[in-house]
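Beneath this line is the structure, given in structure tokens, with notes to follow.
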Amino acid sequence: MASVILGILLILVPLPLSTEAQTSGNLTLGKSLTANDQNSSWLSPSGKFAFGFRRMGRGAHLLAIWFEKIEDKTIVWSANGNNLAPEGSEIQLTTDGRFVLVDPNGRELWSPSPTVAGIAYAAMLDTGNFVLVSQNHVNLWETFSQPTDTLLPTQQLDQGTKVNARYSEMNYSAGRFHFKLGDDGNLAFYATPDPWVASDTYWDSNTSNGFRLIFNQSGQVYLTDRNGALLQVVSSDTFPASGYYRRAILEFDGVFRQYVHSDSSSLSEMGWVVARSSPVPPNICTSITQTMGSGACGFNSYCSLEEDQRPRCHCPHGYTLLDSTNEMNGCRQDFVPQSCDGSRPETDQFTFFSMPYTNWPMSDYERTAAQTEDSCKEACLADCFCALAIFGDNGNCWKKKIPLSNGREDRSDIAKALIKVRINDSTSKSIGNGSKNSTLIIIGLVLLSSSVFVNLLLLLITYLIYRSFRSRDSKLSRPVQINQATGTHTFTYQELQEATDGFKEELGRGAFGTVYKGVLRYEDTNFVAVKVLATRTGESEKEFEREVSAIGQTNHKNLVQLLGFCNEGQHRLLVYEFMSNGTLADFLFGISRPSWYKRIEIACGVAQGLSYLHDDCTRHIIHCDIKPENILLDGSLTAKISDFGIAKLLMANQTRTVTGVRGTRGYLAPEWFRNMPISSKVDVYSFGILLVELICCRKNYEPEAEIEAQIVLVDWVYDCYHDGSILKLVESDEEASTDIKRVKRFVMTALWCIQDDPALRPTMKKITQMLEGVVEVLVPPVSSSFISSI
Ligand SMILES: *[C@@H]1O[C@H](CO)[C@@H](O)[C@H](O)[C@H]1NC(C)=O
Ligand SMILES: *[C@@H]1O[C@H](CO)[C@@H](O)[C@H](O)[C@H]1NC(C)=O
Ligand SMILES: *[C@@H]1O[C@H](CO)[C@@H](O)[C@H](O)[C@H]1NC(C)=O
Ligand SMILES: *[C@@H]1O[C@H](CO)[C@@H](O)[C@H](O)[C@H]1NC(C)=O
Ligand SMILES: *[C@@H]1O[C@H](CO)[C@@H](O)[C@H](O)[C@H]1NC(C)=O
Ligand SMILES: *[C@@H]1O[C@H](CO)[C@@H](O)[C@H](O)[C@H]1NC(C)=O
């Protein structure tokens, strides 16, 4: 069910638009825009915001304001969500000074309210405010005072202004959630369009003199009194004041959240990030207990706050979603309710599912005393009206009837829900997870009976034995090294120039410099890779050599061995063993798909190499740039991490803020963008991305992907995991699809690695154990980035 919402969120990247900027600056009378596929927006002077038409579907256009420079073109205001405009509709700034949206037949679809006349010009401002201005330069009307669901920095709301959530993520009709700064000075959130009882709020500021709600440029949303004095901070983000786009929105789930988005194009891949401190209310599931209305979710469903702090709506056993595309629309019974015909009581036709920590406050119709859970069930069974009983602690048994409202999961609630469900003889469907389990069993049976599976199992066992022998081998016989305890070999520049034949054969080029193939005269057999570092000033000779010798001392079968270096004046070069099979990127994303078992070995190898770098070697090294291009493969396709230690070597003094971001887009952990301390967990994050790429044999980011949901691999992986359709990820890969249990374990491990919160990511040591199946991989928490990177 959660995945439905996720799915919807992921599709949010809107329908293809081709918005051509027409004008920036003041819009004079007589201007108009037509709802078609082209040229349908007016930009603000800096091009940050656009006002115009957004195509929401075939022949359905939304008059809106959006962030023009953000790929998502996130909408921040809209006029006609309830009444989309057909193709050919026009928004007109008429010559007689009115502003009106008309359909192709000239019928008015929307106009500002209250009615505005005497407009002299209009303007889309760089703040995101669209204004209609009089001859005397007075703002007659502005979108900032008529918000839909979003507030922007510098926006101020006066008493009486309503902010209304949309109906669903993609449907801009007004939903039921809204908030309002009332005449009584209280900022109140409501879950029904027309509250029956004024006190049926789910969040209150409890202020009596709130006069204005302000969202200021540094990311604080706060209430002030009539004199402008600060009364209460409603929510805030902790990001630097500049360098970010911001918005605060009452989302369709009823929660008010603040989002930030880097305004630097190189970092925009992160998308919108939700400010952790902001959600209001913090737990909407337990905040809503209304006398009327369904609660945070729809009728008969229950709400639970997931790890990402977002509410999800679920159906109890025996119930399914009324509308499979919108989990917030409630659930219906899958079965015929109990007959109330006294002569056929049907008491043997029903059973109970017990749901701890779940409750539906306010839909009780009777309380009976019951000493035990069983007697509470009996009481409910004997009553045809009873759909559910709550068994409380003090011998209370609360009977509830359909529709159930205010459903929530609440870990602090000791009461237990006992839901009454008809026993269905045709065991195949209808109740709870039954269907999923049975398909699993079927898959299991098919696998077991297939000889391919048996063969693969044998292969796997052989491989495991082989590997254990080999790893023992490699511990016994290390390759010959130039640099023993004394440190690394020092080369002269001339030696290396000769070794590479004047730097003739280029092997690769990276952020840190260019790599050439060479051969050392006195090393008869071995080729070497000579990396010419981008020169850097300010680093003392001693420091450089100390770092290089630290790198030289690292010694692990999954690390590229540093053989020596050269440090002569401007020239700084590193000499590595040569890896004949090139980079993992070429291997993985090339024409033919590498074997699944090889990929497993590579994943485990990289994990072990990283684990060694982080924990085992004398100097704890953070790689900072784990990606397939930096994993090399030797003659026997053993994965070896290259370029470790260089981040430190070359950028030791860099600040750890957004400006100091190093590494590669797409593999970067969120800390890089968040002014947070950098730890070895950044490598864990990058490894997680690498791991999904290894599983699926494709790049994480594939803008050309046919299916939109598959453009960002981790998002798709995440979806598939939550849908229970992991098989889809490796559909065309026979080896992997017959090893689906391991695929699942790897996927879960990867989802742990890419947690937003570095503290949640396991250490690399733990990850090697997870990959090898030595420890159980728990269900990964939902990472907020999947939801907030809209
Ligand atoms: C728009 O009109 C106002 C008032 O006449 C003027 O101050 C402002 O500079 C104009 N802006 C542009 C971009 O022309
Ligand atoms: C719309 O944009 C296209 C391409 O930029 C341009 O050729 C055309 O003249 C524009 N049409 C209008 C009505 O501005
Ligand atoms: C949005 O939801 C409303 C309420 O269910 C519905 O009437 C309307 O047709 C929906 N709009 C779109 C564009 O799907
Ligand atoms: C407002 O008062 C209610 C009831 O006392 C309380 O639960 C809630 O936390 C208060 N809200 C704020 C923002 O303090
Ligand atoms: C925003 O409001 C907060 C709280 O009043 C204040 O500390 C901060 O300085 C304000 N920032 C700006 C840019 O006004
Ligand atoms: C029992 O399950 C079958 C198969 O899913 C379904 O068609 C039928 O409606 C169910 N019967 C009742 C009484 O719920």
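All heavy atoms count here, side chains included; hydrogens, waters and symmetry mates do not. Start at 1 and go down the list; that is how both ligands and their atoms are numbered.
- The protein atom (non-hydrogen) at minimum distance from atom 9 (O) of ligand 3 is Asn171 ND2, 4.8 Å.
- Protein heavy atom closest to atom 13 (C) of ligand 4, with residue, atom name and distance, is Asp204 O, 3.3 Å.
- At a distance under 4.0 Å, a protein heavy atom can be found next to atom 2 (O) of ligand 4.
- For the 3.5 Å distance criterion, the side chains of Asp410 and Ser412 qualify, holding a donor opposite an acceptor.
- Relative ring orientation between Trp42 and Phe130 is described as parallel, the plane-to-plane angle staying below 30° on a 0-90° scale split at 30° and 60°.
- Every atom of ligand 4 with a heavy atom of Trp203 under 4.0 Å away is listed here by number and element: 13 (C).
- Under the 4.0 angstrom criterion, atom 7 (O) of ligand 4 counts as lacking any protein heavy-atom contact.
- Side-chain contact check for Thr127 and Asn129: no donor-acceptor pair (N or O, by modelled atom type) lies under 3.5 Å.
- Aromatic ring centres of Phe252 and Phe177 lie farther apart than the 6.0 Å criterion allows.
- Atom numbering of ligand 3 starts at 1 in the shown order; those under 4.0 Å from a heavy atom of Ser173 are 1 (C).
- The closest heavy-atom contact to atom 12 (C) of ligand 4, among the options Asn186, Val233, Asn206, Val280, comes from Asn206.
- Ion pairing between a basic and an acidic side chain is recognised when a charged N comes within 4.0 Å of a carboxylate O; Arg257 and Asp253 show such pairing.
- Side-chain contact of Arg54 with Ser41: a donor-acceptor pair under 3.5 Å is absent, judged by distance alone.
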